[in-house]
Amino acid sequence: MVSSPTLAFTSSTLILHSPDPSTKKFSYSRASPSVRWPHLKLTETYQSSQTQFTFPSPPLTHVVEDAESLNMNDETQQVLGRPSKTKFKKMTKLALRRAKDWRERVQFLTDRILGLKSEEFVADVLDDRKVQMTPTDFCFVVKWVGRSNWQRALEVYEWLNLRHWFSPNARMLATILSILGKANQEALAVEIFARTESAVGDTVQVYNAMMGVYARNGRFNKVQELLDLMRERGCEPDLVSFNTLINARLKSGAMVPNLAIDLLNEVRRSGLRPDIITYNTLISACSRESNLEEAVKVYDDMEEHNCQPDLWTYNAMISVYGRCGLSSKAMQLFNDLESKGFLADAVTYNSLLYAFAREGNVEKVKEVWEEMIKMGFGKDEMTYNTVIHMYGKQGRHDLALQLYKDMKLSVRNPDAITYTVLIDSLGKASKIMEAANVMSEMLDAGVKPTLRTYSALICGYAKVGMWAEAEETFDCMLRSGIRADHLAYSVMLDILLRFNDTKKAMVLYREMMCDGFTPDHALYEFMLRVFVRENNMEGIEKVMRDMEELCGMNPQVISSILVKGGCYDHAAKMLRLAISNGYELERENLVSILSSYSSSGRHLEARELLEFLREHAPGSKQLLTEALVVILSKAHQLDAALKEYNNTRGFGSFSGSSILYETLIQGCEENELYGEASQLFSDMRFFGVEPSENLYQIMVLIYCKMGFPETAHHLIDQAEMKGILFENVSMYVDVIDAYGKLKLWQKSESLVGNLRQKCTTVDRKVWNALIQAYAAGGCYERARAIFNTMMRDGPSPTVDSINGLLRALVVDGRLKELYVVIQELQDIGFKISKSSILLMLEAFTQAGDIFEVMKIYHGMKAAGYFPTMHLYRIMIGLLCKVKRVRDVEAMVSEMEETGFKPDLSIWNSILKLYAGIEDFKKTAQVYQRIQEAGLNPDEDTYNTLIIMYCRDHRPEEGLSLMQKMRRLSLEPKLDTYKSLIAAFGTFEELRSNGSKLDRSFYHIMMKMFRNTGNHSKAEKLLGMMKEAGIEPTIATMHLLMVSYGSSGQPQEAEKVLNNLKVTGLNLDTLPYSSVIDAYLKNGDYNAGIQKLMEMKEGGLEPDHRVWTCFIRAASLCKQTSEMLILLNALRDAGFDLPIRLLTERSESLVSEVDHCLEKLEPMEDNAAFNFVNALENLLWAFELRATASWVFQLAIKRSIYHHDVFRVAEKDWKADFRKLSAGSALVGLTLWLDHMQDASLQGCPESPKSVVLITGMAEYNMVSLNSTLMACLWEMGSPFLPCKTRSGLLIAKAHSLRMWLKDSPFCLDLELKDAASLPESNSMQLIEGCFIRRGLVPAFKDITERLGLVRPKKFARLALLSDDRRDKAIRADIEGGKAKLEKMKSKFALSRKGKTKKLRNGKYFRRGMLSNIER
């Protein structure tokens, strides 16, 4: 941008300097008080000198910058500050006479010199000596001549020096330096200063004058150097020196925050007090830069230090308010002027006018304009230019042109600024021909276009694509002697690059650099993009060198420009250099480089860059981790990406960006890792990262694939509430399909109903999806209604619509009606497609209707249709089941003729067919064909063959196949083992036949014996192994010891351990833990502790296995004293954490437990999981339930327990406690109930219709989780009930659950708390696999033994009764049940006859059905 006119202070002058020497100047008589305030009718006592004024202009984008600064010459400097108290001192008559004499002498000589012709010399006038002059007179001659002609003033100065008519003095030197400074003749001023300064001595006025020369051009460093030089030479700077320094600094560059206050403080540190000139200089600079904040600070400082503002100050403040869009503030200050003792002048009115014009407030502009004229101020050039620019910005070019014509008709002549404003406004409005006409009028009027004028016209041409005219205008500007500025060069470079004229562009670029201008970042980026498109590596390298060497850019900035220019390889190099030099890593640059690498498949280079940055930029760990995760995901290394994400993610320490989550979720969706994708989406929502529209669509699809259409539907609603409108219909189709698969067609109806309200027409895919949803539920009539709607209102049904109707009949079991519907559709005009016939064929195949299957199949063949591979598979499977050998063989032949090759599934069905009919020869042939086809046999193949060999009395071959299976890591079925054993007669016979049995066979038999309680046989197997030459391993011995422990024979388990010791094997803690566990389970705590000490004395440190055994046993101890004995033994063995958890209340325990779990996590055998399970049992049993709660949450944090073990999210309340110990599950249950209670009271998150608790049916260390949780919930009278269709599930209706959580006395306080002290006995008891409260045991036994499983509310009511009352209630319940049963039997006997009769009298009935009922 071209800089605005700026203020510069010298030792005795205040000058307005425009950087454009071609700007036309004119006489501005309003500097005179009588002109500025005509309504006061002032008369002048002296002739005022006229002030040179360069008009400010309204802002012209990239051509003309706003400026409102006043220009005044050195004679009017005092107007800026407070009026001098000594200005009007009374003078004597002699002094007045002398003053008049020197003025006349100086004026006489000045007029003669200025009247000289160009070929005449000043020496002729000076040598004439018509008047006697003093050295002071000559100083004024130089000064007065310099006002009009600096060359003649310099000639006077040089001639005086040459004649030595006076000795050099500081005043003369300061005067000539000031003149040269005003004329922008810095080089001459420097030469004269260097030549003369030593002769005149160290005078502050000379230094000030020279500083003024530098300050005029904003050369702050030079001014600072002179100031330092003054101090070195003992010449103390005065306030003028500092004012000049401040002016230079403000011209040298943009203001930084607090710069103005820092400059004021620097003046004060020098022992000087800032005056009105200092403050006005600073406020004027703030006005030029529209820096309101700094201006207010300076103004406040001014008032704080009791420096009275003057009119210049208020004008500058009005200007800065106007520039910053605060016209109301500007108006308020304008209105306050009179109360402050000042009267507004023309500058005030023009500043206020500009404030309203900037906002486009035409009414206010007119008001100010009229008031200005009313007060006697005519419309000057500044006024016209401001209003013309306002109309230009508003696009009201007719008014701007009219005002321009009015201006020409008035006394005011348009100047360069006027023409530039018009050209710029018209150019921006793409009215380039009108702009060109204005330029022609400007030239005809004799007004020389300025740089900004040409720039405005060039930009106008460029905007409308008139590249040739723009280039011609640029050349014309250069021919006229005007040097291009940064903007002109930039526009022309842009034009040439867009024309792909790279050679011309590079020539112009070199000229631009030679003239001291450098392209801005955006232009460099465009240049680089052109070079990349042309593959011009040389051009890219040159631009990089210029940015570094000529522009002084640091590597970080260069890297950013290269990234935006598309030079990613070069950008990566510069990024490495920037990071090596200590610059911070910029996120956008890194992401762009990595995206480039990723899109081109250069994932290795991306990882190398990240590894380098990780090493050299440790402060950007999160950014680099995120980038690494994204790169790994895009490189299809999803496991590594998820591992990196999980390692870095913590509670609040790593949130990630939307790109990270979207990339990971897309990778999970592609790899069908839907659970991980759901977890990532939950993390994303937890950290407050907003999903994009694409991510919403992906997650809807994922939830549909997971079978959670309600969650997917809720996501769609959330997105639409945020204003995201999905145009992709397939997303709604996915949700409808998912509802259909779950037979929730009512919700599919609701979704389609909402779509019909939003859309004028519903897409055909949506209708078809709804038909399919009805079909999944067997709702043929509803599907037919939709079909009819499509026929009536459109869009017309398709093959998918017809198939949906047929599938509805199939699901409803109405296969016989398929032919009727097909006939109806054909009558309407629909053709039945191959897919519809295949659907019917599959339906009859699944139903096992061989007759219909073969009928349709032969009909298809006759029509030239053949089944798909899937149908061949299921048809052959059906035929094999019913042993239709010939049909199977014929179908396989036809299948091969049509080009299909039977797959392994078909061959396995045929294998089972032949094995079933004991055609062993063909079975072997089929196996041979499997091998010839190159198919890899699976478990079904091997199991079938082994059974076949056993039936064919060839068990040896079957055993050989089993061993082959084992080598392939395939597990034989139990039936296979049974067949082998049956074929050999007994296990003994299997061995006696010389069959080579491997170790795994013995291990399986040992497990079988252990599970069936035949521990003696398990012991005998050990001897058999040794006889067969198979050495038992530690794993074998462990199995045997576990078997003994399960049978209550810990002594036998110890014998096995002792035998292992004798063998000299290196034992670990596994066999010891088996023996210890056996003793502890048997209640022999002393023996268990003794084995622990023995192990430790043998140099083997107890590990997690031993700890878990002791903690588990302690949790089942009846008395607290017994529990403490076990935990103290652990403490003595070096592990005191459990005992401290029970006896201490230290905050440090949290970190210790966390550290312990961190060490256990990587260990095998689920070390951390088993340890936490046992610890939770212990803490719950001995009433340290708050401690159990934070241990539970630590386990979740460490991912030992699944993070989603329970959740209370929007329409998703669910818990899954499978594999947890009883204590852990009870902790989790309480926390879950507490969360659901909060949600019920607050109304959010919203609950689903049913709430599910998954317990599973497995036992954990002889404890049934299902029984334990049922006992707890039944005691509380909860609404949870066992699922009727699936075991291991407890389900509650959400409404009942919410009411129970709000109203039940059992739920008044769900907070988990620690007991004040340890109880004397265990609060829990293990009974029949159920870990329940000890006080509940008698009631539990009584109720379950006499009534069986009752509802929770009934159980809770009975459990609270005393023993006598409970007994009466149970007996009454039993008697009532018997009476009710008898009543139902008699009622059923009476109703049976009536029902049969009704069926006989009905219009439609089936004979077979009736006969069945009668029977």
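Given the structure is predicted, the values throughout are model-derived calculations rather than measurements.
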Ion pair check, Glu1345 and Lys1341, cut-off under 4.0 Å: no
Residues Leu1310, Leu1231; criterion side-chain contact (heavy atoms from CB on, under 4.5 Å); working and verdict: CA-CA 8 Å; Leu1310 292 172; Leu1231 293 174; over 6 Å; no
Electrostatic pair Asp1132:Lys1096 at N-O distance under 4.0 angstrom: no
Exercise: identify the closest heavy-atom pair between Phe1182 and Ser1323: N-OG, 4.4 Å
Pair Asp1367 + Arg1346: basic N to acidic O under 4.0 Å: yes
Any donor-acceptor pair under 3.5 Å from Ser1250 side chain to Lys1293 backbone: no
Lys1313/Glu1183 ion pair, N-O < 4.0 Å: no
Interatomic spacing from NE2 in His1295 to OG in Ser1240 - rounded to 0.5 Å: 11.0 Å
Criterion side chain to side chain contact (heavy atoms under 4.5 Å, CB included) against Ile1089, the qualifying member of Leu1126, Asn1128, Leu1130: Leu1126
Parallel, tilted or perpendicular: ring planes of Phe1192 versus Phe1206, cut at 30 and 60 degrees: parallel
Straight-line distance of Met1123 CE to Ile1111 CD1, nearest 0.5 Å: 11.5 Å
Pairwise side-chain contact, Asp1084 with Pro1050, heavy-atom cut-off 4.5 Å (strictly under): no
Electrostatic pair Arg1112-Asp1077, nearest N-O below 4.0 angstrom: yes
Straight-line distance of Asn1166 CG to Ile1200 CD1, nearest 0.5 Å: 10.5 Å
No-hydrogen, no-angle side-chain donor-acceptor test under 3.5 Å, Asn1177 and Ser1221: yes
Mutual orientation of the aromatic rings belonging to Trp1232 and Phe1280 [parallel < 30°, tilted 30-60°, perpendicular > 60°]: tilted
Arg1185 bridged to Asp1314 by N-O distance under 4.0 Å: no
Closest non-hydrogen atom pair between Met1276 and Cys1307, with its separation: CE-SG, 4.4 Å
Polar side-chain atom of Gln1237 near backbone of Leu1301 as donor-acceptor pair, under 3.5 Å: yes
Under 3.5 Å: donor-acceptor pair, side chain of Asn1173, backbone of Lys1219: yes
Backbone of Met1324 reached by a side-chain donor or acceptor of Arg1334 within 3.5 Å: yes
Crowding at NE2, His1235 (>12 non-hydrogen neighbours, <6.0 Å): no
Arg1351 CZ: over 12 foreign heavy atoms closer than 6.0 Å: no
Donor-acceptor under 3.5 Å (Ser1115 side chain, Leu1178 main chain): no
Pairwise distance CG(Leu1070) to CZ(Arg1105) - rounded to 0.5 angstrom: 5.0 Å
Lys1302, NZ: over 12 other non-hydrogen atoms inside 6.0 angstrom: yes
